[in-house]
Structure formats: C-alpha cells, structure tokens
There are 2 protein chains.
Amino acid sequence: MPSKSQPAQTSARTKNRAPTRIQQKNRAAILGAALDVFSAQGFRGATIDQIATSAGLSKPNLLYYFPSKEAIHNTLLAGLLDTWLDPLRAMNPAGDPLQEILAYVHRKLQMSRDYPRESRLFANEIVQGAPRIHDALSTDLKELVDEKAALISSWIADGKLAPVHPYHLIFSIWSLTQHYADFDVQIRAVMNTQDPFDDAPEFIDTLYRRLLSPP
Amino acid sequence: MPSKSQPAQTSARTKNRAPTRIQQKNRAAILGAALDVFSAQGFRGATIDQIATSAGLSKPNLLYYFPSKEAIHNTLLAGLLDTWLDPLRAMNPAGDPLQEILAYVHRKLQMSRDYPRESRLFANEIVQGAPRIHDALSTDLKELVDEKAALISSWIADGKLAPVHPYHLIFSIWSLTQHYADFDVQIRAVMNTQDPFDDAPEFIDTLYRRLLSPP
DNA sequence: CTTTGATTTGACCAACTGGTCAAACTCACG
DNA sequence: CGTGAGTTTGACCAGTTGGTCAAATCAAAG
C-alpha cells in the first residue's frame with residue numbers, strides 16, 4: 001500500500017477548504033493583536049505569548065493558526081506595503097497638478113491619523129534596516145515612485161508647478177505625514193494641550209501650496 | 001569589630017578615583033558598539049553578547065564596566081538628547097529670522113548625515129513610545145521648544161517671516177531632516193544611483209525659503 | 001446520537017539571555 | 001620583584017522564549 005489516508009492535520013488552513021467561521025475570527029484576532037504588539041515593541045521585542053494573550057488565545061492555539069512568529073509578521077507586512085502605497089497610486093495624471101499633490105498629501109495624512117499602528121510597524125521595520133521587506137522596496141516601491149516622479153517632472157516642465165526635485169518632494173510628503181503617527185509621543189509631550197492632528201493638515205497644506213504654486 | 005577593610009571591588013568606577021587608561025578605552029569601545037547594536041536592533045533586540053563581541057570583550061567583562069544592559073542604553077540616551085537639541089538652542093534671537101531658521105535646518109540635516117546611528121537610536125526609542133525618556137521630553141524638550149516657538153511667533157508678528165504655526169514648523173524640520181537618517185534604507189532603495197544626501201540640502205533649503213519668505 | 005475533522009490545551013523542550021561569582025591574571029609602582 | 005588594586009574569564013544559574021506534541025474537547029453533518 002503506497003499511502004494511508006490524510007495524516008491528522010496539525011494546523012489550520014487545510015489544502016483548499018474554505019476557512020471556517022472560527023478560523024476567520026481567530027486569524028483576524030491574531031493579526032489585530034499582533035499589529036498592536038509588533039508596532040509597539042518591534043519584531044524582537046514582541047513575544048508570541050503577548051500576542052496570544054492579547055488575542056484571547058493560548059500560545060499553542062495561536063501557533064495552530066500561524067506556523068511561527070515570523071509568519072505573522074510577514075502576513076502583516078505583506079498587506080501593509082500595498083495599502084500604504086494606495087494614496088500615491090491614486091495620483092491622477094489627468095488632474096490639476098497642484099490639487100493632485102495636495103490631495104495626495106491629505107490622503108497620506110489621513111492614513112497616519114487612521115492607522116498609526118500600521119505606520120509604526122512600518123517605521124520599526126525601516127529604521128532597523130528593512131530586513132524583511134527590502135526587496136519589495138527596491139522593486140514595487142521604486143517602480144511606483146519612478147513613475148510618479150516622472151509625472152511630477154512633466155508637470156514642472158509644463159510650468160504647472162514650481163520647480164522642485166520630484167523624489168525629494170515625495171520623500172518630504174512621506175516624512176511629514178508619517179511623523180505625526182511615528183513620533184506621536186514626542187509631539188504630544190511638547191504640545192500637551194491640544195491634539196496635534198488638529199492643526200497639522202492646515203500647516204502641511206500651506207507648506208505645499210507655498211512650495212509648489214507656479215510663479 | 002564593625003567592619004573589615006574595603007571589600008574586593010567587583011566593578012569598575014571605584015569611588016572617586018580617576019579612570020584608568022584601560023577604563024577609558026573599554027568604556028568608549030562599549031558605548032560605540034552599543035550604539036551600533038541598539039540603533040540597528042532596538043533595545044530588546046540587542047543582546048549583551050552582541051555588544052560585548054562587537055566591542056572586543058567577553059560578556060562578563062562588559063558587565064564589569066556597566067552594571068546592566070539598561071545602564072548602557074541609559075548612558076547613550078542621556079548624552080544624546082542634549083546633543084540633539086544643540087542645533088535648536090543655537091537659534092539666535094538677534095539674528096535675521098529667515099537666516100536663523102535656514103541655519104538651524106542645515107545644522108540639523110548635517111547631524112543626520114554625521115550621526116545617523118544616534119538618530120536611529122532616538123527614533124527607535126520614540127516610535128516604541130519613549131518609555132525611557134518620556135520625562136525628559138515633557139520637561140527639557142518642551143521647555144526649549146516653547147521658548148523657540150515664542151521667538152518664531154514674535155518674528156512672524158514683526159512681519160519678518162510669513163505666518164506659519166511655529167510648533168508645526170519645528171516638527172516639520174525634525175521630520176524632514178531626521179527622515180534622511182532614519183529611513184535611509186528606504187530612500188536608497190528608491191534612489192539607487194546617487195547619495196540621497198547630495199540633493200537633500202538644496203531641496204530643503206528651497207522648501208523653507210518658499211514657506212517662510214515674508215511677503 | 002455518532003462520527004469525523006477542527007480546535008484547544010497542558011506539559012514539555014532546547015536555545016537564548018541577562019546577570020553572578022570566585023578564581024585567575026595583569027599591570028603599575030614602590 | 002613583590003604586592004595590591006585593577007582587569008578578565010570560565011562556569012554557572014534562573015527566567016524567558018519560540019516552538020512541539022499527544023491527548024482532550026468541540027462542532028456540525030449525517
């Protein structure tokens with residue numbers, strides 16, 4: 001006899017079966033908890049036990065849904081980069097240049113406000129040398145930025161925007177918007193009265209209008 | 001008999017004696033290695049063994065110079081915040097407003113170029129909630145920023161600068177300059193040909209001139 | 001109600017990590 | 001060259017951590 005029937009499954013996600021209700025619920029709970037923990041402690045600072053407890057599961061039970069700590073982290077990062085680039089992808093070559101860039105800035109700032117944990121997860125990964133997503137950066141990310149930088153350059157050549165270095169313009173947008181999520185603690189320590197996000201959109205809007213308005 | 005003579009010393013840095021040549025050399029080597037490791041891995045990601053090996057010492061030998069991993073980290077952070085704020089302290093109320101701010105921006109950018117490890121050490125600490133320096137942020141840092149924000153406000157009131165929110169102006173400077181150190185990997189992944197620092201000063205200079213030049 | 005696969009868990013393990021300690025070694029100086 | 005303070009280390013320890021496993025429990029289709 002060549003083989004016995006299927007050996008007992010030792011993990012979720014069997015071959016091609018649709019995920020059960022329980023699988024969906026638990027995987028979502030794990031990813032949510034993992035986002036909390038990874039974004040606050042970094043990859044090495046996080047422990048499986050923390051994530052499991054925070055998700056309301058035991059450690060072995062968590063490992064029934066994901067094969068390893070790294071697998072959870074990878075799952076989060078994989079979804080993240082794509083989401084993160086959506087605002088830039090949405091920049092429309094047919095729109096009004098200044099308005100397109102301001103709209104991009106607003107979308108990006110809104111993401112920092114709505115998804116600060118994701119922003120910090122990303123920041124942790126990059127600051128520590130992007131060991132797990134370096135490839136995606138130099139392929140997917142670079143490709144998209146090259147494309148949009150070319151678009152900005154053409155807008156400048158047409159006299160629709162004041163001349164600036166297009167790559168550094170994009171970096172500045174990332175930097176300014178993500179700063180409000182990543183360095184939140186620092187900003188709040190300095191501005192301890194009001195929510196920093198209140199005035200940020202107006203400031204950043206002014207900044208890019210003055211920088212980019214054509215002469 | 002109340003006490004025997006001095007018990008055998010179990011750590012360096014005896015009472016008030018001046019540090020020996022060996023102590024100076026080894027403490028410096030440890031702090032240098034620790035800066036490498038902490039800035040690249042974060043506090044929890046770093047191990048005493050890594051730091052010791054990188055400093056050319058054995059683990060127990062390292063612990064002869066510093067009582068714990070946390071003590072090394074604290075020593076680094078303590079020196080850091082002060083150095084980090086020097087460029088802002090140097091902003092001169094008697095100088096020309098626009099030039100003073102541009103000079104501040106340049107000093108800050110230069111620090112990111114010269115001390116990227118320090119910048120990343122700081123970024124790691126803040127992104128993860130500043131557990132070890134939160135107090136210093138809401139006292140020393142806040143005090144200095146309040147002072148300089150008031151100065152900027154007065155410059156604006158005098159019509160020497162275009163009106164902007166002074167706190168967000170300062171945040172934007174931190175954000176833009178430190179971004180080049182903290183997100184170095186990402187920037188290099190996108191601009192794989194040239195050194196990102198080459199064009200950054202000119203871009204940032206232009207940005208703040210257009211933002212702040214009085215009408 | 002039974003069966004079968006999905007889910008959960010307690011017990012366990014090996015590797016790693018921060019830290020200790022007594023003994024050994026080195027060095028400067030009288 | 002002897003001596004005591006300063007320096008170094010191998011052996012060790014306890015707590016943590018990522019991950020395994022067999023057995024127990026649960027859910028739902030028949």
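All values reported here derive from a predicted model rather than from experimental measurement. These numbers come from the heavy atoms of this one structure, side chains and all, not from hydrogens, waters or symmetry mates. Note on naming: letters A, B, ... go to the chains in the order of the sequence lines (proteins, then strands), and numbering restarts at 1 for each one.
Rounded to whole Å, the distance from CD1 on I72(B) to C1' on dG18(C) is 11 Å. Rounded to an integer number of Å, the gap from CG of L63(B) to C1' of dT17(C) is 11 Å. Atom CZ of R21(A) and atom P of dT7(C) are 10 Å apart (whole Å). Spacing between atom OH of Y64(A) and atom P of dC26(D) amounts to 15 Å, rounded to whole angstrom units. Across the protein-nucleic acid pair, I22(B) atom CD1 and dC29(C) atom P stand 12 Å apart, rounded to whole Å. Across the protein-nucleic acid pair, K69(A) atom NZ and dC16(C) atom P stand 14 Å apart, rounded to whole Å. Straight-line distance from the CD atom of Q24(A) to the C1' atom of dA6(C): 15 Å, rounded to whole Å.
Side-chain atoms of Q194(A) and D199(A) form a donor-acceptor pair, as typed in the model, at a separation below 3.5 Å.
Checking the phosphate oxygens (OP1, OP2) of dG18(C), no side-chain nitrogen or oxygen of S68(B) falls inside 4.0 Å. Residue N26(A) places no side-chain N or O under 4.0 Å from the OP1 or OP2 atom of dA6(C). Side-chain N/O atoms of Y65(A) include one lying less than 4.0 angstrom from OP1 or OP2 on dT8(C).
Relative orientation of the F38(B) and H73(B) rings is perpendicular, given thresholds of 30° and 60° on the angle between their planes. Between F171(A) and Y167(A), the ring planes are tilted. Angles from 30° to 60° get that label.
Salt-bridge annotation for R89(A) and D82(A): present, with a side-chain N of the basic residue lying under 4.0 Å from a carboxylate O of the acidic one.
Within residues 41-62 of chain A, the residues approaching DNA chain D are A46(A), T47(A), I48(A), K59(A), P60(A), by heavy-atom distance under 4.0 Å.
Between Q186(A) and the options I126(B), V127(B), V145(B), a side-chain contact (heavy atoms from CB on, under 4.5 Å) holds for only I126(B).
F122(A) does not carry R117(A) over the face of its six-membered ring by the limits of under 6.0 Å from the centre and within 45° of the normal.
For OH of Y115(B), the number of neighbouring non-hydrogen atoms (other residues, nucleotides, ligands) closer than 6.0 Å is 12 at most.
Partners of E202(B) according to the side-chain hydrogen bond (donor to acceptor under 3.5 Å, both in side chains) rule, which considers only residues two or more places apart in sequence or in another chain, do not exist here.
Ring centroids of Y208(A) and H106(A) are separated by 6.0 Å or more, keeping the two rings apart.
Between its two ends, the helix from dC1(C)-dG30(D) to dG30(C)-dC1(D) turns its axis by 10°, counting five pairs per end and rounding to 10 degrees.
The nucleotide whose nearest atom lies closest to any side-chain atom of Q23(A) is, among dA6(C), dG19(C), dG6(D), dA6(C).
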